[in-house]
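Every chain is numbered from 1 and lettered A, B, ... according to where its sequence line falls, protein lines coming before strand lines.
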Amino acid sequence: MSIPKEYFEVVRETGKFAKREFGEHALDWDLNPDPSHITSLWIKSLGLDLPVLTIPEEFSGVGYGPVCQALVVDAMASRCPGVASVFVHHFAGLFPVQFANKDQQTELWGAATGKAGRGIAGVVFDHDGALSIKPSGNGFILNGTSSLTANAQYADWASVFTSDQKGNPICFVVDNRSPGVSLGPNPELPGLKINPFHSLVFKDVAVPAHAILCNPEKSAQLMEQTRDLLHVLTAATALGAARTAYEKALAYARERYQFGKMIIEHQEIRRMIGAMRMKLDAATANLYEYFEENPGPLSRADRKASLVKAFCTDAAFDIIVDAIQVHGGYGYMHEQGLEKLMRDAKVLQVLGGSNPQLLVEAME
Amino acid sequence: MDFLQPPYGLFAPDVDLVVNLPALGKLREKFPSYIFRAEKAQAMARKFAINHILPRSLETDKKCSQDPTYFDWDLWHAANRAKFTVACLPEKLGGLGWSALDNAAALEEFTSACMASTANFVFNVFGLLGSMVECKTGIVLDMVKKMAKAQQEDKPLFYSWAITEPGAGTDMEDACAMQTMRPSCHAQRVPGGYSLSGVKCFITNGSMAHYVIVNMPTDQERPLETMATFHVPTNAKGFFVGRVERKCGQKASQTAEIFFDKVFVPEKEMWEPPGKGFDHTREILSITRGLVGISAMGIARGALERCIRYAANKKTANGRLIDQDWVRFAIADMLKDLHMVRAAGYNFAIALDTFHVWKIFDTAVVKGATLLPGKILMADSLAALANNQLANEAGTRFKKKIVTNEVLDSFVKHGSALKAAGSDLAMKVSSRVLDIVGLDGMAREFGMEKCFRDAKVTQIYEGSNQANLWDFFHEEVGRLV
């Protein structure tokens, strides 16, 4: 597919930014995931307009679409999939806002462009029906405990997809700083540690009428689209991680001497690295073919995005596991960074629905 | 069916050795005590796994994440009091007299709870295994006495086996590779012995060890022809422990760099002379690779049993997770592979009892000796007798008659295949169960993510699986082509 030239510029700058700002700290952040790392990184990233990449120009954003977002999170994930995942969920959280009325847009984009709070967004899907709302005045009262959600401890607000009392889909924005919102316990997932997942606990949280983003019909479609965006950006995150693993394995194979020669000279190592390259290329093609079919606002909602996510994250996982194998004992050590990528990729495989589950659902 | 408590494995105390491998029933008819003892070992190990390992493995894993040098001494003492640290010694000498089958049955139980914790109390067997290669009566008896004494006094006695170097992993485990390796270690001949220098890395228990069994060449230009094996006390001058590694998993088991700076080793502590070091490695590998395969199979089993329990309790929009078709197929597929590897594992263990060094316990000489009262066996006078040259040489000859080169070739072959099969199973299953249980089930408290982190290294240590497959091909087919 043809990618606009200006996107490459953004990707180049993002790559430099990622290398400079967290490339060398990613391993340390994995061990000590202090939230201040992300909050100060976020402020710096505003200098590159990264958090406002998707926001329409008329609201002081950049107005770039999903392809550019994918390229950006890929570039970040090649340094740290955990940091990339913060942006992934931010972009997914922002997505529904463009379909709101003008006043709501002004307010929410304003928050995200940094005029209020940190401006980090999140997204909550309520597939298990664990949230309940009951009318109250013009708005409603929200109760329940969400499923595990990324950005939980960073997001100022989140787009929530659930059902109303009659079972109709509804999409609204909840301010995470409102009274009654708290974080559930940290489940300590093995990966993406800089972005710890939590459930959001809502106890009698008042949601005003103007926080409702759109009507039920639109909400249902919007949920599918948002979920699809989350899927393809997750896929892009996996690709960034996989590319790093592939490059590291190739470089190591060229410098590691064993059995009388550099290990790249061994056919079995070549086969492994060849398979890594094959999977990386196939996964990349899979993702960008999706974008070619869906150049605009991801309107197809035909579950293809979930297949793309399953394929790319599975491919990335296999690539990373083999990269560790090529490195032998070194690959298993924290300082090499590959075992972190493996843990991160494992979380990507189940994020937004585990891959086998997604395959089953895609064919329903 | 009520899935809440799977009626087997880690979550049920019943003995199921013959249930899981019905072919053992035929053996039980002929040799009832052989199977009965294995069932007893399994029951003991499962009870220990449930009561001691399982309740603390997650906490220990976490403590070790924060501090890689943390060691769970309480667990070690409990294991030591249960004699698991000396399980391989005859009962007369203070051990449990475990056969290889007993060991296999117990290992599976231990590692299904936590492989790293298990390593802390079973890997010191490297000392005894190392001494059994030459089987010099004086050295073996001394080793046995030290182990038994330490166990009785509840004092730790750790042995490490130091093979890998920063620049040589596979190269230390394959004869052809060793010929071309670039050793960083060197054993220099000095009056009265050798002076050892160099670095060994990724050494399990390297930071805990009281003794290290280490391979170094006396001529770095000719590593295979001059590789020798030394037995080194870690309080020797010039021995240092470097960094304890921060790893992905198996955190409770410490992995360290160790440094030798002109460490003097007297002649009598050279266990294998120059040129014999590789054979020493290979003989240990002929036993340990298969046992690593069995241990890794235990990781897979632990992951699967945790997954079954979780899936049986997890409610989804369409009933319980375990009621989903795709979940049932996935679990069945993994259980099927588990059964296959387990059968191969027990086959290997029974073969160790039948043909390898365990066979010594079946010989008339050893059977006769173990009839002697324990006091005599452990007496200094017997040690003095065992230590004379004639006795030592007789021990070596006696053992080499049983463990011939053909036996070793066969066990390298089967052990390598089992190691690769078990570790591939561990990785595949521990990863796949996370796909089944999803984000919620991946939470630390359910233990499955730990199984996953623990599994990967089993494909790497004891020879990478590539090295194991290479050996396997060579032994099975390579000689023919």
So which heavy atom on [X] is nearest to which on [Y], and how close?
X	Y	result
A:Gln325	B:Asn465	NE2-N, 3.7 Å
A:Arg256	B:Ala168	NH2-N, 3.9 Å
B:Pro166	A:Tyr330	O-OH, 2.9 Å
B:Met442	A:Val350	CE-CG2, 3.4 Å
A:Ser354	B:Trp326	OG-CH2, 4.0 Å
A:Ile324	B:Lys456	CG2-CE, 3.6 Å

Can you tell me how far the [atom1] atom of [X] sits from the [atom2] atom of [Y], to the nearest 0.5 Å?
X	Y	atom1	atom2	result
A:Lys340	B:Cys248	NZ	SG	12.0 Å
A:Ile263	B:Gln466	CD1	CD	9.5 Å
B:Thr180	A:Tyr257	OG1	OH	4.0 Å

[X] (side chain) donor-acceptor with [Y] (main chain) under 3.5 angstrom:
X	Y	value
A:Gln258	B:Gly167	yes
A:Gln349	B:Asp435	no
A:Tyr332	B:Gly249	yes

Test applied, salt bridge (Lys or Arg N to Asp or Glu O under 4.0 Å); reference residue, A:Glu335; option that passes from B:Arg246, B:Lys247, B:Arg243: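 Going through the options one by one, the only one that passes is B:Arg243.
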Pick from A:Gly352, A:Gly260, A:Pro356 with the largest number of heavy-atom pairs that fall under 4.5 Å of chain B: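 Top count of heavy-atom pairs under 4.5 Å with chain B: A:Pro356.
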Heavy-atom pairs under 4.5 Å with chain B, option from A:His127, A:Glu268, A:Met342 with the top count: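 It is A:Met342.
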Salt bridge B:Lys62-A:Glu188, side-chain N to carboxylate O under 4.0 Å: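 Answer for the salt bridge query: yes.
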With a 4.5 angstrom heavy-atom cut-off, which part of [X] approaches chain A: side chain, backbone, both or neither?
X	answer
B:Thr316	neither
B:Gln250	both
B:Asp440	both

Per-residue contact mode, A:Leu359 against chain B (heavy atom under 4.5 angstrom):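 No part of it gets close to chain B.
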